[in-house]
Trainee: 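Here it is, the structure in full.
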Amino acid sequence: MSLDPAALERLRLLPRVPLALPPTPIEEMARLRAALGARPALLVKRDDAIPFGFGGNKVRKLALVAADAQARGADTLITCGGVQSNHARATAAMAARLGMACVIVANGPPPARPTANALLDRLLGAEVRYVASRDERATGMTAAADELRRAARSPFIIPLGASTALGAAAYAQAVGEMLDQMPAPDVIVHASSSGGTQAGLVAGCRVHGLSTRVIGVSADDPASAIEKEVRRLLGDLESLTGSAPGSLSSGVLDVDDRFVGEGYGRPTPASDEALVLTARSEGFFLDPTYTAKAMAGLIARVRAGTLDGTVLFWHTGGQVALFA
Ligand SMILES: Cc1ncc(COP(=O)(O)O)c(C=O)c1O
């Protein structure tokens, strides 16, 4: 696809919460490259270093999604995730910044002593409602919204991971930020789960006319499920940006589910290795649930000799979970 200036302009004009979101650094990972004997140049984009709310990809997404909630008159943000959800913590921080209340529907047992993201949720003043399983989250959010409406409040439900067209649009915008910092990489590798980050990166590359390959490494779901979600979001992004139908949502998507191991949040030998190797060679931290598995995917491809040119690891944050 070629450059689409009209879509880029629509992306640029999307209202967002006035947070300080300076361009996140892009650094070479020269020592990791040497440790791996890697042929491609390895770089990292540090969205873990976003200054607000302990950072991560959800802050970018929520800056657009919460602005929409505010414009619709919401006084409470409702969302869901696991007990250690980065997204829930970022939503609680955004609600605090906007003077809104926050309700988190968390699946899993209430922690006896909250740590890491669960501790931050509490410090941020969020109300956490626990449900037993992932399947109960959606009804939990609807029930909370109904209850708040009955009490004359104005709740706004943010779906899992803020993976809506607006949330994804934040990552389409972020591709422009990246291009102000470096020439287009040949490959972007990042952690993928609810699909919004990947949809945004793919859309951003397409509207900028790039041939960059975007590889999302799954943290939990099978590749087919994430691909389906990414394609759905790309369709919604076509409407949001006025792009031609099919211009973003057709074409190959690259989701790699070989690094999930025994499941969400369960480290694997490869993710443990990636976390330690990155810390010791580059001095920054991955998280065990998402980014260590994504880096394990990058390392495996480097070792297999299947990556060339310039490879950008897009660090999506999550390091708070190291303290769980
Ligand atoms: C640190 C981190 N990386 C990546 C992801 C996946 O992003 P997405 O849900 O947009 O696919 C998440 C989602 O929670 C996350 O917390």
Trainee: To the nearest 0.5 Å, how far apart are OG1 in Thr278 and CG in Leu286?
Mentor: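 That separation rounds to 4.0 Å.
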Trainee: Tell me which donor-acceptor pairs under 3.5 Å the side chains of residues 310-317 have, and how far apart each pair is, sequence neighbours excluded?
Mentor:
| unit_1 | atom_1 | unit_2 | atom_2 | d |
| --- | --- | --- | --- | --- |
| Trp314 | NE1 | Asp47 | OD2 | 2.8 |
| His315 | ND1 | Gly317 | N | 3.0 |
| His315 | NE2 | Phe285 | O | 2.8 |

Trainee: Under a 4.5 Å cut-off applied to non-hydrogen side-chain atoms, are Met295 and Val217 in contact?
Mentor: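 No, side chains not in contact.
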Trainee: side-chain hydrogen bond (donor to acceptor under 3.5 Å, both in side chains) with Ser271: which residues, sequence neighbours excluded?
Mentor: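 Listed in chain order: Thr268.
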Trainee: Shortest non-hydrogen contact from Ala63 to Ala67?
Mentor: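 The answer is O-CB, 3.5 Å.
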Trainee: Could you tell me whether Phe259 atom CZ has more than 12 heavy atoms of other residues or ligands within 6.0 Å of it?
Mentor: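 Yes, the 6.0 Å shell around CZ holds more than 12 heavy atoms from other groups.
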Trainee: Provide the full list of side-chain hydrogen bond (donor to acceptor under 3.5 Å, both in side chains) pairs with a residue in residues 94-113, sequence neighbours left out, each pair given once.
Mentor: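 Listed once each, the pairs are Asn107-Arg137.
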Trainee: Look at the side-chain heavy atoms of Ile, Leu, Val, Met, Phe, Trp and Tyr, link any pair under 4.5 Å apart, and say whether Val105 and Phe156 land in one connected group.
Mentor: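 Cluster IDs for Val105 and Phe156 differ.
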Trainee: To the nearest 0.5 Å, how far apart are CG in Leu166 and CG in Leu14?
Mentor: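 Spacing of CG (Leu166) from CG (Leu14) equals 6.0 Å.
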Trainee: Would the distance check show the side chain of Glu238 and the main-chain N or O of Ser247 forming a donor-acceptor pair, the cut-off being under 3.5 Å?
Mentor: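 Checking the backbone N and O of Ser247 against the side chain of Glu238, a donor-acceptor pair under 3.5 Å is found.
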Trainee: Quick check against the 3.5 Å criterion: does Gln319 have a side-chain atom that pairs as donor or acceptor with the backbone of Ala49?
Mentor: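 Side chain of Gln319 to backbone of Ala49: no pair is present.
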Trainee: Atom OG1 in Thr91, atom CZ in Arg89: separation rounded to 0.5 Å?
Mentor: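 Nearest 0.5 Å value for the OG1-CZ distance: 9.5 Å.
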Trainee: By the rule that ILVMFWY residues connect when side-chain heavy atoms come within less than 4.5 angstrom, directly or transitively, which residues belong alongside Tyr264?
Mentor: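 Direct or chained contacts put Tyr264 with Tyr290.
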Trainee: Could you list the residues that satisfy side-chain hydrogen bond (donor to acceptor under 3.5 Å, both in side chains) with Arg46, not counting sequence neighbours?
Mentor: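 Here the qualifying residues are Glu27, Asp48.
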Trainee: Are side-chain heavy atoms of Val187 and Arg301 found at a separation under 4.5 Å?
Mentor: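 Sidechains of Arg301 and Val187: no contact.
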Trainee: Quick check: closest heavy atoms across Leu124 and Ala93, and the distance to 0.1 Å?
Mentor: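 Leu124 and Ala93 have their closest heavy atoms at CD1-N, 3.6 Å.
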Trainee: Has Gln198 got a side-chain atom pairing as donor or acceptor with Val230's backbone, closer than 3.5 angstrom?
Mentor: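 Not confirmed, Gln198 side chain does not pair with Val230 backbone.
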Trainee: Share the residues that join Ile104 in a hydrophobic cluster, the rule being Ile, Leu, Val, Met, Phe, Trp or Tyr side chains under 4.5 Å apart at the heavy-atom level.
Mentor: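 Members other than Ile104 - counting any ILVMFWY side chain reachable under 4.5 Å - are Val83, Val128, Tyr130.
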Trainee: Do you reckon Tyr171 sits in the same ILVMFWY cluster as Val189, going by side-chain contacts under 4.5 Å, direct or chained?
Mentor: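 No, Tyr171 and Val189 fall in different hydrophobic clusters.
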Trainee: Does Leu13 sit in a hydrophobic cluster with other residues, and if so which ones, taking ILVMFWY side chains as linked at heavy-atom separations under 4.5 Å, directly or through other members?
Mentor: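 Reading the cluster by chain and number, Leu13 sits alone, since nothing else belongs.
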Trainee: Pair Met94, Phe52 - check side-chain contact (heavy atoms from CB on, under 4.5 Å), show working.
Mentor: CA-CA 9 Å; Met94 196 62 79; Phe52 180 76; 4.2 Å; yes
Trainee: Taking the side chain as everything from C-beta on, heavy atoms only, tell me whether Glu229 gets closer than 4.5 Å to Ser194.
Mentor: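 A side-chain contact under 4.5 Å is absent here.
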Trainee: Would you mind checking if Asp146 and Arg150 are paired as a salt bridge, meaning a charged N to carboxylate O distance below 4.0 Å?
Mentor: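 A salt bridge is absent here (no side-chain N lies under 4.0 Å from a carboxylate O).
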Trainee: List, one per line, each side-chain donor-acceptor pair under 3.5 Å for residues 30-43, sequence neighbours excluded.
Mentor:
| unit_1 | atom_1 | unit_2 | atom_2 | d |
| --- | --- | --- | --- | --- |
| Arg31 | NE | Ser281 | O | 3.2 |
| Arg33 | NE | Ala38 | O | 3.4 |
| Arg33 | NE | Pro40 | O | 2.9 |
| Arg33 | NH2 | Arg39 | O | 2.8 |
| Arg39 | NE | Asp308 | OD1 | 2.8 |
| Arg39 | NH2 | Gly305 | O | 2.8 |
| Arg39 | NH2 | Asp308 | OD1 | 3.2 |
| Arg39 | NH2 | Asp308 | OD2 | 3.3 |

Trainee: For Thr212, enumerate each residue passing the side-chain hydrogen bond (donor to acceptor under 3.5 Å, both in side chains) test, keeping only those at least two apart in sequence or located in another chain.
Mentor: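 Listed in chain order: nothing, the list is empty.
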Trainee: Of all the heavy-atom pairs spanning Pro22 and Pro51, show the shortest one and how long it is.
Mentor: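 Looking at all heavy atoms of both residues, the shortest contact is CD-CG, 4.0 Å.
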Trainee: Nearest 0.5 Å please: distance from the CD atom of Glu227 over to the CG atom of Asp257.
Mentor: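 Interatomic distance, Glu227 CD to Asp257 CG, rounded to 0.5 Å: 9.0 Å.
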Trainee: Any sub-3.5 Å donor-acceptor pair from Thr79's side-chain atoms to Ile158's backbone N or O?
Mentor: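 The answer is yes, because a donor-acceptor pair under 3.5 Å joins these two groups.
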Trainee: Ignoring hydrogens, what is the shortest heavy-atom contact between Gly73 and Ser154? Give both atom names and the distance.
Mentor: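 Looking at all heavy atoms of both residues, the shortest contact is O-CB, 3.4 Å.
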Trainee: Are Leu21 and Leu98 connected in a single hydrophobic cluster, I mean Ile/Leu/Val/Met/Phe/Trp/Tyr linked by side-chain heavy atoms less than 4.5 Å apart?
Mentor: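 Looking at the clustering, Leu21 is in the same group as Leu98.
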Trainee: As an exercise, state the distance from CG of Leu64 to OG1 of Thr164, rounded to the nearest 0.5 Å.
Mentor: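 It is 8.5 Å, given to the nearest 0.5 Å.
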Trainee: Anything under 3.5 Å between a donor and an acceptor, one on a side chain of residues 200-208, the other on a protein residue two or more places apart or in another chain? List them.
Mentor:
| unit_1 | atom_1 | unit_2 | atom_2 | d |
| --- | --- | --- | --- | --- |
| Arg206 | NH1 | Leu248 | O | 2.4 |
| Arg206 | NH1 | Ser250 | O | 2.9 |
| Arg206 | NH2 | Val252 | O | 3.3 |
| His208 | ND1 | Gly204 | O | 2.9 |

Trainee: Could you tell me which residues satisfy salt bridge (Lys or Arg N to Asp or Glu O under 4.0 Å) with Arg72, sequence neighbours excluded, listed by chain and number?
Mentor: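 Asp68.
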Trainee: Please report the closest heavy-atom contact between Leu237 and Ala168, naming both atoms and the distance.
Mentor: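 Heavy-atom minimum between the residues: CD1-CB, 3.8 Å.
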Trainee: Yes or no on side-chain contact (heavy atoms from CB on, under 4.5 Å) for His87 and Leu62, after CA distance, side-chain angles and deciding distance?
Mentor: CA-CA 9 Å; His87 162 67; Leu62 287 164; 4.2 Å; yes
Trainee: Tell me which one of Met182, Glu177, His190 satisfies side-chain contact (heavy atoms from CB on, under 4.5 Å) with Lys45.
Mentor: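 The option that passes is Glu177.
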Trainee: Would you give the length of the straight line joining atom NZ of Lys58 to atom OG of Ser163, rounded to the nearest 0.5 angstrom?
Mentor: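 Lys58 NZ to Ser163 OG: 5.0 Å, rounded to 0.5 Å.
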Trainee: Tell me who clusters with Val260, hydrophobic residues only, linked when side chains sit under 4.5 Å apart either directly or through other members.
Mentor: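 None; Val260 is a cluster of one.
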Trainee: Which atom pair, heavy atoms only, marks the closest approach of Ser85 to Cys80?
Mentor: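 Minimum heavy-atom separation between Ser85 and Cys80: OG-O, 4.4 Å.
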Trainee: Please confirm whether the backbone N or O of Gly251 pairs with a side-chain atom of Arg231, one donor and one acceptor, at under 3.5 Å?
Mentor: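 Between the backbone of Gly251 and the side chain of Arg231 there is a qualifying donor-acceptor contact (under 3.5 Å).
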Trainee: Is there a donor-acceptor pair under 3.5 Å between the side chain of Ser192 and the backbone N or O of Gly195?
Mentor: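 No, because the side chain of Ser192 does not come within donor-acceptor range (under 3.5 Å) of the backbone of Gly195.
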Trainee: Side-chain heavy atoms under 4.5 angstrom apart, residues restricted to Ile, Leu, Val, Met, Phe, Trp, Tyr: same cluster for Val44 and Leu322?
Mentor: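 Linked within one cluster.
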Trainee: Determine, step by step, whether Leu210 and Leu179 satisfy the side-chain contact (heavy atoms from CB on, under 4.5 Å) criterion, reporting the C-alpha distance in whole Å, the side-chain angles of both residues, the deciding distance to 0.1 Å, and the verdict.
Mentor: CA-CA 10 Å; Leu210 310 183; Leu179 289 174; 4.1 Å; yes
Trainee: Counting N and O atoms only, with roles assigned by atom type, does the side chain of Gln84 sit under 3.5 Å from a partner on the main chain of Asn117, one being a donor and the other an acceptor?
Mentor: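 Yes.
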Trainee: Hey, which of Lys293, Arg266, Arg134 is the one that makes salt bridge (Lys or Arg N to Asp or Glu O under 4.0 Å) with Asp220?
Mentor: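 So the option named by the test is Arg134.
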Trainee: Please assess Val175 against Met178 for the test side-chain contact (heavy atoms from CB on, under 4.5 Å), listing each intermediate value before the final yes or no.
Mentor: CA-CA 5 Å; Val175 171; Met178 172 195 78; 4.0 Å; yes
Trainee: Treating Ile, Leu, Val, Met, Phe, Trp and Tyr as nodes and any side-chain heavy-atom pair under 4.5 angstrom as an edge, say whether Val214 and Ile299 lie in one connected cluster.
Mentor: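 No, because Val214 and Ile299 fall into different hydrophobic clusters, even though each may have its own neighbours under 4.5 Å.
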